[in-house]
Number of protein chains: 2
Amino acid sequence: MNPCNHHSVSIKEMQKLCVSLVPIFNHLQPTEMEKIVHATRSASYQRGEQIYGAGDTSAQLFIVHRGLVKIFRLSESGREQLIRLLEPGDFMGELALFSGSPFDHFAVAMEQTELCVMTREDLNAFIEQHPKISLRIMEEFSRRLERAEKLISCLTSEATEQRIAAYLVELADEHAANSFTLPMSKKDIASYLGTTPETVSRKLAEFQENGWIEQSGQRNITLLDRYALQNL
Amino acid sequence: MNPCNHHSVSIKEMQKLCVSLVPIFNHLQPTEMEKIVHATRSASYQRGEQIYGAGDTSAQLFIVHRGLVKIFRLSESGREQLIRLLEPGDFMGELALFSGSPFDHFAVAMEQTELCVMTREDLNAFIEQHPKISLRIMEEFSRRLERAEKLISCLTSEATEQRIAAYLVELADEHAANSFTLPMSKKDIASYLGTTPETVSRKLAEFQENGWIEQSGQRNITLLDRYALQNL
DNA sequence: CGGACCATTGATTTAGATCAAGGTTAGTGG
DNA sequence: CCACTAACCTTGATCTAAATCAATGGTCCG
């Protein structure tokens, strides 16, 4: 944890920096933006740098402004379990913020990343003054919760093969295209889907043999038979 | 969906009914309670009755006042996947409320159950007037999210045996005692943990043989060797 | 250019699912 | 209150999907 605080940057710089807050913290008057500026600090991280780790305590809300952050746990056996990837506009650290309990997971920057940081007091004060914003935050929470619960259903009720197929379809939907690039390494995909890199490799090869997908390079995939994948 | 609205009950009755809101909606002045009363309707369900199902749309927040509600999905194969059990004070329906998308899961009363029902408009207005409450709701969200993410880690990184053991330890912690009653049928436990009733049976029998637990009746368990269970 | 990490493919093993058949419990209705 | 039925639980035998172990090739980054 070494957030470099730049409390003396110009308001204009901060506004630019806080542009990622817009999806959540919108409905703001220009004069209100100044309050966010004072409530927010910025922190910068290099690729591979840890933002926080399990056991750390920090009553701060982190909002990704630029870059990519990986959230994961380490199991007893030392296996890394990927929870999710955060893109600009996503936030993290909310549990520590609300309950004060220490983190039980790790956050690491996957590339050059800039964060906005808010303390609990700041958030409290902010929400009291801009109550409508809390609804948007709740909306975001509920979306994440939905995603988590869907993943749980998937993990418990579907076979590994189906999970991998469903994941491909999900990616295609996100990109609104049949060709896309995997957002992470096969190793991480395996961790996310609760399987092993070997199995991911094998299943993708199998899907390709069946003519359902086309792999090119190491991370590019084209869906050829979406229907087949969905009906495994 | 057949909520029986009682909009004409006395304020006193509603206060009693809404006592379960306290964990979330506290910090209220007596005069403010009246607003909740007007914002809330009550609905009553029999054991086994469905509150809503996948596909239904309803922009309402349901808060459990009395009883027990089971939330589950049905997978393609028709397998029931238990998401969670709601006890008094818990709420549901928030995603439909915020995003307007239809439910993708089912909610069924497990016993005689009473709910408080709030529409989106009611919640909006309410939060604008009582912004502090939104922090408590977020807290609740973040707790649920934490639980879901822990379950995901568990499902992906641990073996079935470890999951069952960890679940027993969790139950003991919740009850703050080594003896406790399983909160649901073994069938439902299996569904929750992503396994089958047979495996749950076998593993519990195995744990008992090893002297780690003691089963009595069909739902009572005493932990004898917590350490062994935690270090599978 | 070199080293570390990632990906692929094959051979083997195993945990847990599935299928099957009793025994038990609990909620229902007379 | 008791009897009945349906759902639940348990234990056994078999099967299979995926993990693990292992070895080679590929790719990215310093």
Side-chain angles (χ1 to χ4, degrees), chain A residues 46-49 70 75 77-82 108-112 154-165 167 181-209 213-221 232, chain B residues 46-49 68 70 75 77-82 108-112 154-167 181-209 213-221 232:
Chain A
Q46 310 260 322
R47 171 189 168 79
E49 195 177 343
K70 175 161 98 170
S75 73
S77 50
R79 239 176 100 104
E80 181 181 299
Q81 159 55 20
L82 194 144
V108 169
M110 297 290 282
E111 49 189 66
Q112 181 64 33
C154 192
L155 288 170
T156 53
S157 65
E158 257 123 291
T160 301
E161 187 177 62
Q162 293 173 306
R163 259 179 275 153
I164 296 172
Y167 180 67
T181 301
L182 296 176
M184 48 190 167
S185 70
K186 298 231 170 92
K187 185 175 147 260
D188 281 341
I189 291 175
S191 149
Y192 180 69
L193 296 176
T195 181
T196 59
E198 293 95 324
T199 300
V200 173
S201 250
R202 271 186 253 272
K203 289 302 174 190
L204 290 185
E206 203 179 295
F207 293 169
Q208 184 160 16
E209 266 180 43
I213 66 168
E214 172 78 35
Q215 303 186 73
S216 79
Q218 71 291 22
R219 284 209 186 179
N220 298 297
I221 293 200
L232 266 177
Chain B
Q46 310 262 321
R47 170 189 170 78
E49 193 177 345
L68 190 65
K70 175 160 98 167
S75 73
S77 49
R79 239 176 100 104
E80 181 180 300
Q81 159 56 21
L82 194 145
V108 169
M110 297 290 283
E111 49 190 67
Q112 180 65 34
C154 194
L155 288 170
T156 53
S157 66
E158 259 124 288
T160 302
E161 185 178 63
Q162 293 173 308
R163 258 179 276 154
I164 296 172
Y167 181 68
T181 300
L182 295 176
M184 48 190 167
S185 70
K186 298 231 171 92
K187 182 175 149 262
D188 281 341
I189 290 175
S191 149
Y192 180 70
L193 296 177
T195 182
T196 58
E198 292 95 323
T199 299
V200 172
S201 248
R202 271 186 253 273
K203 289 301 174 188
L204 290 184
E206 203 179 296
F207 292 168
Q208 183 160 16
E209 266 180 40
I213 67 169
E214 173 78 34
Q215 303 186 71
S216 80
Q218 73 290 23
R219 284 210 186 178
N220 299 296
I221 294 202
L232 266 177

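Atoms considered below: every heavy atom in the structure, side chains included; atoms not considered: hydrogens, waters and symmetry mates. So you know, we letter chains A, B, ... as the sequences are listed, proteins then strands, and number each from 1.
Side chains of B/Leu193 and B/Thr160 form no contact here, defined as non-hydrogen atoms less than 4.5 Å apart. Between A/Gln215 and A/Phe207, every side-chain heavy-atom pair lies at or beyond the 4.5 Å cut-off.
The shortest non-hydrogen separation linking A/Leu182 to A/Ile221 is CD2-CD1, 4.1 Å. Nearest heavy-atom pair, B/Met110 versus B/Arg47, reported as atom, atom and distance to 0.1 Å: O-NH1, 3.2 Å. Residues A/Gln46 and A/Ala109 approach most closely at O-CB, 3.4 Å, considering heavy atoms. Pairing each heavy atom of A/Leu232 with each of A/Gln162, the nearest pair is O-NE2, 2.7 Å. Across A/Val200 and A/Ile164, no two heavy atoms sit closer than the pair CA-CD1, 4.0 Å. When all heavy atoms of B/Ala190 and B/Pro197 are compared, the pair lying nearest together is CB-N, 3.4 Å.
Closest-nucleotide positions on DNA chain D for B/Arg219 and A/Lys203 were compared, and the one nearer the 5' end corresponds to B/Arg219. Where B/Thr160 and B/Arg47 each meet DNA chain C at their nearest nucleotide, the meeting point lying more 5' is that of B/Thr160. In terms of position on DNA chain D, the residue among B/Asp188 and B/Arg202 whose nearest nucleotide sits closer to the 5' end is B/Asp188.
A side-chain donor-acceptor contact under 3.5 Å links B/Thr156 and A/Gln81.
At whole-Å resolution of the value, CE in B/Met110 and C1' in C/dG27 are 14 Å apart. The separation between A/Asn220 atom CG and C/dA7 atom P is 13 Å, rounded to whole Å. Distance CG (B/Leu193) to C1' (C/dA15): 16 Å, rounded to an integer number of Å. Taking atom CD of residue B/Gln218 and atom P of nucleotide C/dT25, one finds them 7 Å apart after rounding to whole Å. Between A/Leu204 atom CG and C/dT9 atom P the separation is 10 Å, expressed in whole Å. Between the CD atom of B/Glu158 and the P atom of C/dA15 there is a distance of 16 Å, given to the nearest Å.
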Output a table of nitrogen or oxygen pairs between the protein and nucleotides 12-14 of chain C separated by less than 3.5 Å.
none

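Look at B/Thr196 and you'll find a side-chain N or O under 4.0 angstrom from OP1 or OP2 of C/dA17. Between A/Lys187 and the phosphate of C/dC5, there is no side-chain N or O to OP1/OP2 separation shorter than 4.0 Å. The shortest distance between the side-chain N/O atoms of A/Ser185 and the OP1/OP2 oxygens of C/dC6 is not below 4.0 Å.
A/Arg163 comes within 4.0 angstrom of no nucleic acid atom, judged by non-hydrogen atoms across all strands. When heavy atoms are screened at a 4.0 angstrom cut-off, A/Glu198 is found touching base atoms of the nucleic acid.
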Checklist entry - After noting the C-alpha distance and the side-chain angles of A/Asp188 and A/Glu80, does the key distance pass the side-chain contact (heavy atoms from CB on, under 4.5 Å) rule? => result CA-CA 9 Å; A/Asp188 281 341; A/Glu80 181 181 299; 3.8 Å; yes
| request: Start with the C-alpha gap between A/Arg163 and A/Glu158, add the side-chain angles, then the distance that decides, and say whether salt bridge (charged side-chain N to carboxylate O under 4.0 Å, His left out) holds. | output: CA-CA 6 Å; A/Arg163 259 179 275 153; A/Glu158 257 123 291; over 6 Å; no
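On the nucleic acid side, DNA chain D has its first and last nucleotide under 4.0 Å of a heavy atom of chain B at D/dC8 to D/dA13, going 5' to 3'.
Stem regions for DNA chain D, each three or more consecutive Watson-Crick or G-U pairs with both distances under 3.5 Å and listed by first number, read C:1-21 with D:10-30, C:23-26 with D:5-8, C:28-30 with D:1-3.
Between D/dA6 and D/dC2, the distance separating the two P atoms is 22 Å to the nearest Å.
By the 4.0 Å N-to-carboxylate-O rule, A/Glu111 lies too far from A/Lys70 to be salt-bridged with it.
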